[in-house]
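Just so you know, these numbers use all the heavy atoms, side chains as well, and skip hydrogens, waters and symmetry mates. Worth saying up front: this structure is predicted, and the values here are computed from it rather than measured. Residue numbering restarts at 1 for every chain, and letters A, B, ... go by the order of the sequence lines.
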Number of protein chains: 2
Amino acid sequence: MLILEALEEHGTLRFTQIGRIVSGISQKMLTQTVRRMEEDGLVKRTVHPVIPPHVDYELTPIGHSLSEAFCGVWVWAEKHRDEIERARRAFAEANGSKRRPA
Amino acid sequence: MLILEALEEHGTLRFTQIGRIVSGISQKMLTQTVRRMEEDGLVKRTVHPVIPPHVDYELTPIGHSLSEAFCGVWVWAEKHRDEIERARRAFAEANGSKRRPA
DNA sequence: CGGAATCCAGATTGATACTG
DNA sequence: CAGTATCAATCTGGATTCCG
């Protein structure tokens, strides 16, 4: 989802640019994920045969449509994140104390 | 997502009923998932102290809202499933043959 | 019925080193 | 720059058994 959103917002990006935007991802996971997205037809991968190598990634129409589909979830997450956090703490306080008494 | 949709469509359900609707899920995963959903405040879990035990699950308002948020993804998946499948086969034929020559 | 506890094979992932 | 290859550690999920 993060890569999807990165490409949705920034348009065409290079490998390391995606890596910087989706900070915390290992280059292995980045490679695997963009490859799978390419397989699925969500992204187009363009290799420019120059030295040093230059590879561009951009969303396909299907990729864009998935990004839009996820928009609702994205908005939901932002909106309810705090509420979820509170629910977790409330649950921990109600049930956790019975399992891990002081 | 499957559990969420099951509860969204059928309303209140019992443990084994969810298991039947979400067929293929192990009871371990079912337990884990409904527990996490309960922790997150997405579902309400009601235990009726009778023998044999009777436990009901239903979505909370937040759970319903998440279900709605996922609706777009759900529709997208149905709509583009075939397209994704085709893209995968096309990719396999274009690239796989170079790595695994006949 | 609705779980909890245990065991275990296999999938994921990060870290690291190497390459054209 | 944009990867690939490999190892090790972790995490996951399924199967099984037991319980009130």
ask   = Which word best sums up how the rings of A:H48 and A:H54 line up, parallel for under 30°, tilted for 30 to 60°, or perpendicular for over 60°?
value = perpendicular
ask   = Could you run down nucleotides 5-17 of chain D 5' to 3' and tag each one B, S or - for protein heavy-atom contact under 4.0 Å?
value = -B------BBBBB
key: Any residue of residues 13-23 of chain B with a heavy atom less than 4.0 Å from an atom of DNA chain C   = B:R14, B:F15, B:T16
remark   = Separation of D:dG3 atom C1' from A:L30 atom CG, nearest Å, is 10 Å
inquiry  = Looking at D:dG3, I'd like to know if its phosphate oxygens (OP1 or OP2) sit under 4.0 Å from a side-chain N or O belonging to A:Y57.
reply    = yes
ask   = Just wondering, do A:R35 and A:Q32 contact through their side chains at under 4.5 Å, heavy atoms?
value = no
For residues 71-85 of chain A, which side-chain donor-acceptor pairs fall under 3.5 Å, sequence neighbours excluded?
unit_1 : atom_1 : unit_2 : atom_2 : d
A:W76  : NE1    : B:S65  : OG     : 2.7
A:H80  : ND1    : A:E83  : OE1    : 3.0

inquiry  = Is it the case that the side chain of A:S67 and the backbone of A:G63 share a donor-acceptor pair, with hydrogens and angles ignored and the cut-off at 3.5 Å?
reply    = no
ask   = Which atoms form the tightest heavy-atom contact between A:F15 and A:T31, and what is the distance?
value = CZ-OG1, 3.4 Å
task = Inspect the contact between A:D40 and B:R88 and indicate whether a charged nitrogen and a carboxylate oxygen are less than 4.0 angstrom apart.
result = yes
inquiry  = Using OP1 and OP2 only, check whether a side-chain N or O of B:R45 sits under 4.0 Å from C:dG2.
reply    = no
request  = Find the distance B:I51:CD1 to D:dC19:P and express it as a whole number of Å.
outcome  = 16 Å
request  = For A:P52, answer base if it contacts any base atom (sugar-phosphate contacts may also be present), sugar-phosphate if it contacts only those atoms, and nothing otherwise; contact means non-hydrogen atoms under 4.0 Å.
outcome  = sugar-phosphate
task = For residues A:V43 and A:V34, report the shortest heavy-atom separation together with the two atoms involved.
result = CG2-O, 3.8 Å
inquiry  = Which heavy atom of B:K44 sits nearest to which heavy atom of B:T60, and what is that distance?
reply    = N-CG2, 3.8 Å
ask   = Separation of A:H48 atom NE2 from D:dA2 atom P, in whole Å?
value = 11 Å
